Structure formats: structure tokens, C-alpha cells
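Here the structure is a predicted model, which is why all the values come from computation and not from measurement. For ligands, and for the atoms within them, numbers begin at 1 and follow the listed sequence. One is the number of the first residue; the rest follow in order along the sequence.
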Amino acid sequence: MGKQHLIDEMNKNIKRNPIPKRSEQEIKDLAKKMLEQMTLEEKLGQLYETSYDGADVTGPEFDSSNVVNLVRSGRVGSILGMNDNVDMYMLQKACVEESRLGIPMFFANDIIHGCRTGYPINLALAGTFDMELVEEAYKNIAFESSHSGVNLTFAPMLDLVRDPRWGRVMESYGEDPYLGVRIAEASVRGFQQDDLTSYDSVPACAKHFVAYGAAEAGRDYNTVDISERMLRQYYLPQFKKAIDCGVTSVMTAFNIYDGVPATQNKFLLRDILREEFGFDGFVISDYTASDETMCHKTSRNKRQVAKNCIKAGLDHEMISTTYIDEIPSLIEDGEVDTKLVDEAVLRILEFKYKIGLFDNPYKNMYANADEYQLLPEMLEHSRDVARKSIVLLKNENNILPLTKQKISVIGPIGHLNQVVGPWGGRVRFEDCIPFIDGLRNSRPDYDITFAQGCKTYQDADENLFNQAVETAKDSDIIVLAMGEHQWMSGESRSRTDITVPKVQMDLARELKKLGKKMVLVLFTGRPLDLTWFEENVDAIVNGWYLGNETGNALADVLFGDYNPSAKLTMSFPMNVGQIPVYYNHFNTGRPIPADNPHSDYVSRYLDCRNEPLYPFGYGLSYTNFEISDLAVSTTKLKENEQLTVTCKVKNTGGVAGEEVVQLYIEALCFSVTRPMNELKGFQKISLEPKEEKQVTFTLTTEDLAYYNIDMEFTAEKAEYAIRVGNASNNLIEKVIETV
Ligand code: GLC
């Protein structure tokens, strides 16, 4: 039987009745009442997330043939990765109408940087340094998600990252914890909108708890070994902020912390999340991460997996079935207390009551979901965000913006519509605007030719190569459309080589011989080694992966209809040998003396400088800005007194533009070593040509605090440099002291 009868039923039966806003206590009472009616088997069903045929399985395949029977017997708490709302309705109907208690399931999905309208990858979006824009983007993403069956999104990804070999840096916001805290706030507020009963918001899940981005050698799923001070100073604050903003769930990371897998780590899941952070939502594992504790060799078998994880505080197993398979006998043998199961079940039931699933099990399901996707205002907004995510890295002799001339676009990504990046949600490539199309849409009267030149990474093709050289010869300026294919980054996409693929480099070198002006438009999910391009092309535009409106947004910037304003939130190394290289590094005991950079017996390489090619906070504009007149309200800051920091910013160029004024500090001495720079604020301001504005920041001793030698978070009495500028390596400073 086709799906039409289900579609008719959905259209007739699914109502959008307002969902009552209940108090915390009302929700707890309702969940407790439901719990008292449940059998152990039904309870364990609530702790299980499965997937379904045709769903986006994001890990090892598994057999989902028995899902409908499990659903009918009330043994499934949630389903991962489904996209078809009619199939979701069919399964929810089976669950609600046929299982004994009719407890609705929730449907979870990885809506990371776009549902059907793809926004820029997070590493690009963060570079806007515009938190209102970021919040608006996630609010729009929530609208499309909540109108296509999503009851929980597995976002925001809050992993701090310092290693571009790791494929998932594209999904993160970069190398700074302060920016991470701001992103956590903007994303949770954007997704949830402080109203989980709304039909326009979507509950969020902060992941991956914790320190997944610190995987050794940038190899996905690899060992993590960091100190507790590093954990607290760099990896936890983002999650604390997400929890303070009401995030409904937290996902455990694949990795270990202090030798114990996060998924069975009591210190993380109970001591920190529950006791310290006061988190009252639910904890879900990552995909089969509970089973994987056997590979970590901290669980000998599935029975031990279930025991370790439930005791550590894991509430919901994704794909693994150790709870439903092993906990009954563990309880029978007195090895697991039913109370542990009940506390996990209550958290799942409370979530379902909180978001209104008991009031409307079909909340967010639409037979006509497509009508709510790709709305013109959404696409326009995503285009605006995309152009504000583009980073201008080089512009020698102001070769950009492009003027009317014979333009040849050469490179294997110039025509691709696969430009949304990994974790592209439900974006369809046919809805994405390729680079060359964007250019031609924007300037139909311009002479713009295109040649692919090669494939993204496969062996050279002589015909393509020769066509490209011929096309380029017959032009005034060559625009290279090169970089990584979008599948070269993302989960399980670690690379030991962070250069643009060789076949593309060979083409670029050949075109260089023509002696023409050259611009690189880069497509990438990670920082790459761009040293050859820095030395050999006139301009470099980092286009990341920008989503549906990629071509149009890049055209807006290249033709100067928008003056680029984004900054890097992750350092671009000179080469892979420098990794990890990041702005908030320590000084070491043997820094390179400024007056003698070639000293021996100091911390440096024989064959490369220490600084990255492009640092955190760096990004150019078509105009120039001057930051001056730094002033502080006092040079002796008392406990909890406010320090006011002001500076002047002037647009000294000929076009309007936006600048990201950044505020950093450096503790000049502390009971533990501290970074050379720590971001503590930023403001993005717009200035007309020759216009000048004053920018004001405020700091308290709380902002200067750090985990000291006794692991107390405090601002010890010390001297602190206060710095402002437009990149982490371009700052002016004043020194104050705390008294
Ligand atoms: C994946 C990812 C995680 C994602 C989950 C569900 O393996 O690690 O980020 O949310 O599985 O798709």
C-alpha cells in the first residue's frame, strides 16, 4: 500500500495545537507517574536509540530490520537520522497506538550547519565574529528542522580544535575557548529560542563531551591525553555555557579522558556534568560509543559495558543495545540498582514532556515539509551569512575586487554544486549555486570563461589540463577554483598531508608560467598549507564551504558588492610539520629572542619559522583600518572592579567596511604558565570611508582568571597586558596590575 493514505491521515490528523508550558515540578511529576506504570523492558526501551532503513547512518552499518517490531513493543526511545516525515509518522503511529503505554519516540538528526538551506560550515560561520548573525542562522536552521520532523539536533559541536589534520575541524568553531563560549550561547539560543514547546524551535545537544578535538596526531577517534587544567581551561567552558543556556542533552565523545572512555567516565558524567555544572538533561552516547569501550579495553564484554556505562551516568545508548540486552540480568544478579535505570528513564521522559511529545507525538512532522524549506528569505539570509564568512587572506596591489576584464576561472571545484561541506544535513546539491554560476549570475555582461583543468584529487587528465591552459591564455586574469573536495574533510577524514591535492598544484604551477595575474579562491573544510599560493598568486580568498549560496556569495565578494570582513578562527600552518600551531600558545623557557631569530639552543625549527602562515583573528578587507589610542580606566584593578578599555578605529581607505576589533590579555606572571595571548572580547563595527569610532570593552578580574597552581579559578595579583587589534599578531597594549 502506498504512502498516500498516511499523507492524507497526516494532513487530517496532525494539529499544531499550542503545547502547554509546564513547570519543572509538573514535568517531574508526570514523568514519575509514567515511570511507575512501566515494566523493566519498557524502561530499558526508553534508553535505546536506533536507526531505520534509509536513515543517515553515520557509523558502522547495523541490522535495522527488526525496528518496527521493537517500536510496536515500546522498546525504542528514539530514532536517529530519518528524513522522510511520512515514514516517521508511520513509526510514531505504530509506537503510540500499538505499544502498551504509547510513549512517543523522539526523532534525532545531525542538523549541524543547515537543514535544507545549507549555511557555511561552522569553522567559517564562527569567523563572522558576529554572534547575532550566528544566532539568527541557527534560528533559521531550527525553523526548517522543526518543519521536517526533527525533535532533537545533534548540535552544537563545541569541540576546541588545534589540529587541521583532523577532518572534523570544519564542524567546530576553532582554537579559542572564549569564542567557543560565545558560539555555544548563540547556537543553543538560536536552536531552542528559550521555548521548547514552540513549533519553530528545535532542542539542541551539546557535543562531543569531551575533548574529542584533542585526538593525538589529528587522527579521528584517536587517544586524548590532556591535563585536568587543560580540560577545565580550554574544553569545558563551552559545555558549561551551553548547559547554562538550557541545552537539553549532551553527547559523550568517542575518546578517553584520563584513561577512561568518556561514555563510561563517572568523573565527567556525574562529578562534572551533574555535580559541578548542575546539568539536568540527558546524556546520550555517540554512535556505538558504549560498545567501543570494549575496544578501549575498559569493558571485557557487553555485560560489563552496560554496567560501566549506567553507573557512570550514560542515559541513552545510540545504536548499541547493551542496556536492553544486559541490564535485566545485571539487576537480577544485584550488580546494577534499578534506581540507576529509573533516573535515566526519568530524564528521557522529562525531555519528551518538556518538548511536548506527549501532547503531540507528531510535533514537527509535515507531509508537506518541502513547503517550509528553501524559503527565499532563508536563502537570502544564508547568502548574507556566507559572504560574511569569506576570509580575504591576500590582496596584493588591490587586484580585488575584480573589474571588467577577460576572466578565466580554472579549477576542479569551479563548477561543482557539492559546496555545502560535510554534515550538510538535508541539503540537495542540485539546490546549490556553483562558483562559476554565481560569477555569471552577478555579471552577465562580463567575459567569464571556465575550464576544469583536472579532477579534485585523481590523476591528471591531459585534455582537461591542456584545455585549461588554453582557456587561461586567452584571459587577463586567472581565478583558480581549487582546494579540497568537500568529502576530504568531516568525520573519519583525517589527512597527514594538508596541501591542496598535487594534481591541482601541478595545474596552478603550469598556469603561473603564463605570467598573468592570479587569484586563488579556496574551497576547504580545514586550514591548508597555502605557502606556494602565498608566494605565487596575487590574491587569496578563503571560501571554505559556504552552503547553497556559495557561488552568489563568492561573487558578491569578488566583484566588491560586499567588502569581506571575516577572520580566521583557526591558524593556518606553514606546513604539516608545524602542527599543532595555535595563537594561545605558551612561551616556553627558551623563546626566540626578537633581536636574534637565528639563535641556537632556543625553541625553533631549523627549516621553518614558528609562526603560522596566517594566525587566529586574521583577515583582510578592501579598505584599511587603523586602531589607536588604547586607554584603560585604571592601571590598578581591584577584585570585581570593572576595567574599561577603549580604543579608536578609523577606516583610512576609500570604501566602507567592517572590522573585528579584538581584545586580548596576557598574564605576565602567574603561578602556572599562561598563554602569550588570550581572547577576552571582540566587536564587529562598520565604518564609512574616513569614519572613526570609539570602541569600548569592559573587563573584571573574573575575565582575567585562570586555573592556578591549586586549581582555583582566580585572577592572582599580577601584571596583565591588555591588548586590542585586528588579529592576534597585530595588537597594541597597556599593562595593568590586579591589587
Ligand atoms: C557520528 C558523530 C556524531 C553524530 C552521531 C549521530 O558518529 O560522531 O557527531 O551526531 O554519529 O549521527
Side-chain angles (χ1 to χ4, degrees), residues 48-62 64 76-83 105-115 121-123 138 141 145 149-161 166-173 184 187-188 191 202-215 218-222 224 235 238-239 242 247-256 261-263 281-293 295-296 314-320 421-427 487 489-494 525:
Y48 174 49
E49 173 165 294
T50 187
S51 189
Y52 182 66
D53 293 343
D56 283 349
V57 173
T58 56
E61 291 293 332
F62 82 111
S64 64
V76 174
S78 68
I79 296 188
L80 154 71
M82 289 185 70
N83 296 316
M105 301 180 289
F106 67 82
F107 292 84
N109 229 307
D110 291 284
I111 308 295
I112 311 293
H113 58 97
C115 187
I121 55 173
N122 294 353
L123 194 58
Y138 285 119
I141 294 168
S145 308
V150 180
N151 297 135
L152 174 71
T153 180
F154 289 135
M157 190 268 213
L158 296 175
D159 296 303
L160 181 128
V161 296
W166 192 44
R168 298 190 78 163
V169 299
M170 50 64 56
E171 197 183 345
S172 81
Y173 58 85
S187 51
V188 172
F191 278 128
V202 71
C205 174
K207 70 184 184 183
H208 304 82
F209 195 71
V210 65
Y212 179 25
R219 197 173 80 230
D220 212 342
Y221 319 115
N222 201 6
V224 163
Y235 294 91
Q238 304 82 331
F239 288 90
V247 76
T248 62
S249 49
V250 168
M251 181 187 294
T252 63
F254 289 117
N255 53 279
I256 59 174
T263 306
F282 70 91
V283 174
I284 182 171
S285 76
D286 202 338
Y287 196 103
T288 67
S290 50
D291 272 324
E292 292 168 18
T293 61
C295 294
H296 286 295
L314 176 73
D315 300 314
H316 208 64
E317 267 196 311
M318 187 191 295
I319 306 301
S320 299
W423 296 110
R426 299 173 177 166
V427 174
W487 72 260
S489 58
E491 183 171 357
S492 83
R493 298 285 189 272
S494 298

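Contacts of Leu80 with ligand 1, taken as heavy-atom pairs under 4.0 Å, involve the side chain alone. With a 4.0 Å heavy-atom cut-off, ligand 1 is reached by no atom of Glu49. When heavy-atom distances to ligand 1 are checked against a 4.0 Å cut-off, Thr58 comes that close through both its backbone and its side chain.
Within ligand 1, the atoms closer than 4.0 Å to a non-hydrogen atom of Tyr287 are 7 (O), 11 (O), numbered from 1 in the order shown. Under a 4.0 Å criterion applied to the non-hydrogen atoms of His208, ligand 1 contributes the atoms 3 (C), 8 (O), 9 (O). Below 4.0 Å from some heavy atom of Lys207 lie the following atoms of ligand 1, by number and element: 3 (C), 4 (C), 9 (O), 10 (O). Interface of Phe254 with ligand 1, defined as ligand atoms under 4.0 Å from a residue heavy atom, comprises 7 (O), 8 (O). Within the listing of ligand 1, atoms 2 (C), 3 (C), 8 (O), 9 (O) sit less than 4.0 angstrom from a heavy atom of Arg168.
Between Ala206 and Leu158 the shortest heavy-atom distance is CB-CD1, 4.0 Å. Listed here is the closest heavy atom pair of Val202 and Leu152: CG2-N, 4.2 Å.
The backbone N or O of Ala204 sits nowhere less than 3.5 Å from a side-chain atom of Thr153 that would complete a donor-acceptor pair. At least one donor-acceptor pair closer than 3.5 Å links the side chain of Lys207 to the backbone N or O of Phe154. In this structure a side-chain-to-backbone donor-acceptor pair under 3.5 Å is missing from Thr248 to Gly281. Remark: side-chain polar atoms of Asp315 are paired, donor with acceptor, to backbone N or O of Val283 under 3.5 angstrom. Panel note: side chain His113, backbone Pro422; a donor-acceptor pair is recorded below 3.5 Å.
The nearest heavy-atom contact from the protein to atom 4 (C) of ligand 1 is Asp110 OD1, 3.2 Å. Protein heavy atom in closest approach to atom 2 (C) of ligand 1: Glu491 OE1, 3.3 Å. For atom 5 (C) of ligand 1, the nearest non-hydrogen atom of the protein is Asp286 OD1, 3.3 Å.
Atom OG in Ser172 sits 11.0 Å away from atom NE2 in His208 (nearest 0.5 Å).
Judged by the shortest distance from any of its heavy atoms, Met157 lies outside the 4.0 Å radius around the atoms of ligand 1.
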